[in-house]
Amino acid sequence: MIIRGVATVLLWLIAVVAVYAGPLVVLTDADFAPYSMKQGGKQVGIDVEVFREAARRAGLNYKLEPVPWDELVTRVKTGNCDLAFSMFHTSKRTTYASFITAAPMHTSDYAFFTLVSRGISRAGVEALANMTIGRPAGFSVGKTFDEAEKAGRLKTVGFASDAKMVAALLRGRIDAFVGQIDVVQYTLRRMGMQSTVVQIEPVLKRNRPAFIVVPRTVTRPERLNIEARLGMALKSVHQDGTYREIARKYLLRF
């Protein structure tokens, strides 16, 4: 009944405002496996497929542009796109982006990873104080970690991606790193390194949602209608099991 109601409202929203004449310019991170990456000359991944299905249900005409993460952020700030995915919600980002929060594109869990040879399967932040720890550059991975880092109890090195942290660990540049669990496990599986790198319990941060965003500088009259349509469509993708079907292609936990 809920899904039928969502579908009815979506049809109404599509009818009341004409679809934008030209395709919407939609940005995605060009290299963020398993959510967005290039395979066989095409952009694929969980986020890419989920967005494609939500846009189809919302009746949106769009052009997807895979770009480096830094370029994506810059273009959202300057309004040089119509939509982008996926971003974590932060107070700083709300100054230049509106978040479509009806449903997330995905959620992220974060944990420490290290080499199996170190014999560490469980350790808190303080137990890793004498190690050099890789961390995602530019955002919080949990209160306990952030406080230890700020107080100087952790020696950290920032990296632009989880894949780069895996490479640094294997080369001995760092002793451990904090990574997004799904991204790291997917990367290790592709590299055949699942028996070499191990996740350390406990999980540092759970279920951090990432969303589709709209630059605040976009002033088209139909903007709010597009946000509403896309938000409701994305919610229906989660509710009817389609999200799970898509994610299962890429991640074993689904």
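Scope of the values below: all heavy atoms of this structure, side chains included, with no hydrogens, waters or symmetry mates.
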Run the numbers on Cys81 and Glu65 for side-chain contact (heavy atoms from CB on, under 4.5 Å), then give the verdict.
CA-CA 9 Å; Cys81 65; Glu65 292 187 16; over 6 Å; no
Take atom NZ of Lys249 as the centre, draw a 6.0 Å sphere, and report whether it contains more than 12 heavy atoms from other residues, nucleotides or ligands.
yes
Phe85/Val50 under side-chain contact (heavy atoms from CB on, under 4.5 Å): CA gap, chis, key distance, verdict
CA-CA 11 Å; Phe85 62 86; Val50 167; over 6 Å; no
Kindly indicate whether the side chain of Tyr186, heavy atoms from C-beta on, has any atom under 4.5 Å from the side chain of Tyr35.
no
Minimum side-chain heavy-atom gap Leu188-Gln185 below 4.5 Å:
yes
Could you state the interatomic distance from OG1 (Thr28) to CE (Met37), rounded to the nearest 0.5 Å?
11.0 Å
Give a yes or no on whether the backbone of Ala30 and the side-chain of Gln43 come within a donor-acceptor separation of less than 3.5 Å.
yes
Donor-acceptor contact below 3.5 Å, side chain Arg75 vs main chain Asn80:
yes
Within one Ile-Leu-Val-Met-Phe-Trp-Tyr cluster: Phe99 and Leu234, side-chain cutoff 4.5 Å
no
At their closest point, which heavy atom of Thr95 faces which heavy atom of Lys92, and how far apart are they?
OG1-O, 2.5 Å
Please name the pair of heavy atoms, one in Glu201 and one in Val203, separated by the smallest distance, quoted to 0.1 Å.
OE1-N, 3.7 Å
What are the two closest heavy atoms between Leu154 and Ala129, and how far apart are they?
CD2-CA, 3.9 Å
Angle class for the Tyr243/Phe254 ring planes (parallel below 30°, perpendicular above 60°, tilted otherwise)?
perpendicular
Over 60° means perpendicular and under 30° means parallel, so tell me whether Phe177 and Phe113 are parallel, tilted or perpendicular.
parallel
I need the Thr78 OG1 to Tyr96 OH distance, nearest 0.5 Å.
11.0 Å
Lys/Arg-Asp/Glu bridge criterion (N-O < 4.0 Å) met for Asp146, Arg135
yes
Treat each ILVMFWY residue as a node, draw an edge where side-chain heavy atoms are under 4.5 Å apart, and state whether Leu224 and Val213 are in one component.
no
Once rounded to the nearest 0.5 Å, what's the spacing between atom CD of Gln199 and atom CD1 of Ile120?
13.5 Å
Quick check on the hydrophobic clustering: are Met105 and Leu83 connected, directly or via other members, by side-chain heavy-atom contacts under 4.5 Å?
yes
Measuring from Thr187:OG1 to Gln180:CD, what's the distance to the nearest 0.5 Å?
9.5 Å
Output, in order, the C-alpha distance, side-chain angles, deciding distance and verdict of side-chain contact (heavy atoms from CB on, under 4.5 Å) for Thr242 and Arg244.
CA-CA 5 Å; Thr242 302; Arg244 190 175 187 84; over 6 Å; no
Please confirm whether the backbone N or O of Met87 pairs with a side-chain atom of Arg93, one donor and one acceptor, at under 3.5 Å?
no
Can you tell whether the side chains of Asp109 and Arg253 come within less than 4.0 Å, N to carboxylate O?
no
Between Lys63 and Pro23, what is the shortest heavy-atom contact and its length?
N-CB, 4.0 Å
Honestly curious: do Val48 and Tyr250 fall in one hydrophobic cluster under the side-chain, below-4.5 Å linking rule?
yes
Are any of the side-chain heavy atoms of Met131 and Arg118 separated by less than 4.5 Å?
yes
Answer yes or no: is there a side-chain heavy-atom contact under 4.5 Å between Phe88 and Ser108?
yes
If only atom types and distance count, is the side chain of Thr114 paired as donor or acceptor with the main-chain N or O of Asp175 below 3.5 Å?
yes
Could you tell me whether the side chain of Asp82 and the main chain of Val26 form a donor-acceptor pair under 3.5 Å?
no
Is there a path from Leu115 to Ile200 through hydrophobic residues (I, L, V, M, F, W, Y) whose side chains come within less than 4.5 Å of each other?
no
Which distance, rounded to the nearest 0.5 Å, do you find between the CG of Leu230 and the CD1 of Ile212?
4.0 Å
Test item: Ser36 side-chain N/O and Asp29 main-chain N/O as donor-acceptor pair under 3.5 Å
yes
Hey, are Arg56 and Glu53 close enough for a salt bridge, meaning a charged N less than 4.0 Å from a carboxylate O?
yes
With a 4.5 Å limit on heavy-atom distance, are the side chains of Arg57 and Ser236 in contact?
yes
Does NZ or CZ of Lys205 fall inside the cone over Tyr110's six-membered ring, less than 6.0 Å from its centre and within 45° of the axis?
no
With respect to Ile226, which candidate in Ile100, Val218, Leu60, Val214 satisfies the side-chain contact (heavy atoms from CB on, under 4.5 Å) definition?
Leu60
Intermediate values then yes/no, side-chain contact (heavy atoms from CB on, under 4.5 Å), Ile133 and Val178
CA-CA 7 Å; Ile133 309 297; Val178 179; 4.2 Å; yes
Using 0.5 Å steps for rounding, measure from the CD1 atom of Ile181 to the CG atom of Leu204.
8.5 Å
Heavy-atom donor-acceptor pair, Arg216 side chain to Thr94 backbone, under 3.5 Å
yes
Looking at Ala123 and Pro202, what are the two nearest heavy atoms and their distance?
O-CD, 3.9 Å
Less than 4.5 Å apart, any side-chain heavy atom of Tyr62 and any of Phe51?
yes
Do His106 and Leu251 have side-chain heavy atoms sitting under 4.5 Å apart?
no
Indicate the atoms forming the closest heavy-atom contact of Ser195 with Val116, along with that distance.
O-CG2, 3.3 Å
Going by heavy atoms in the side chains, are Phe159 and Ile174 under 4.5 Å from each other?
yes
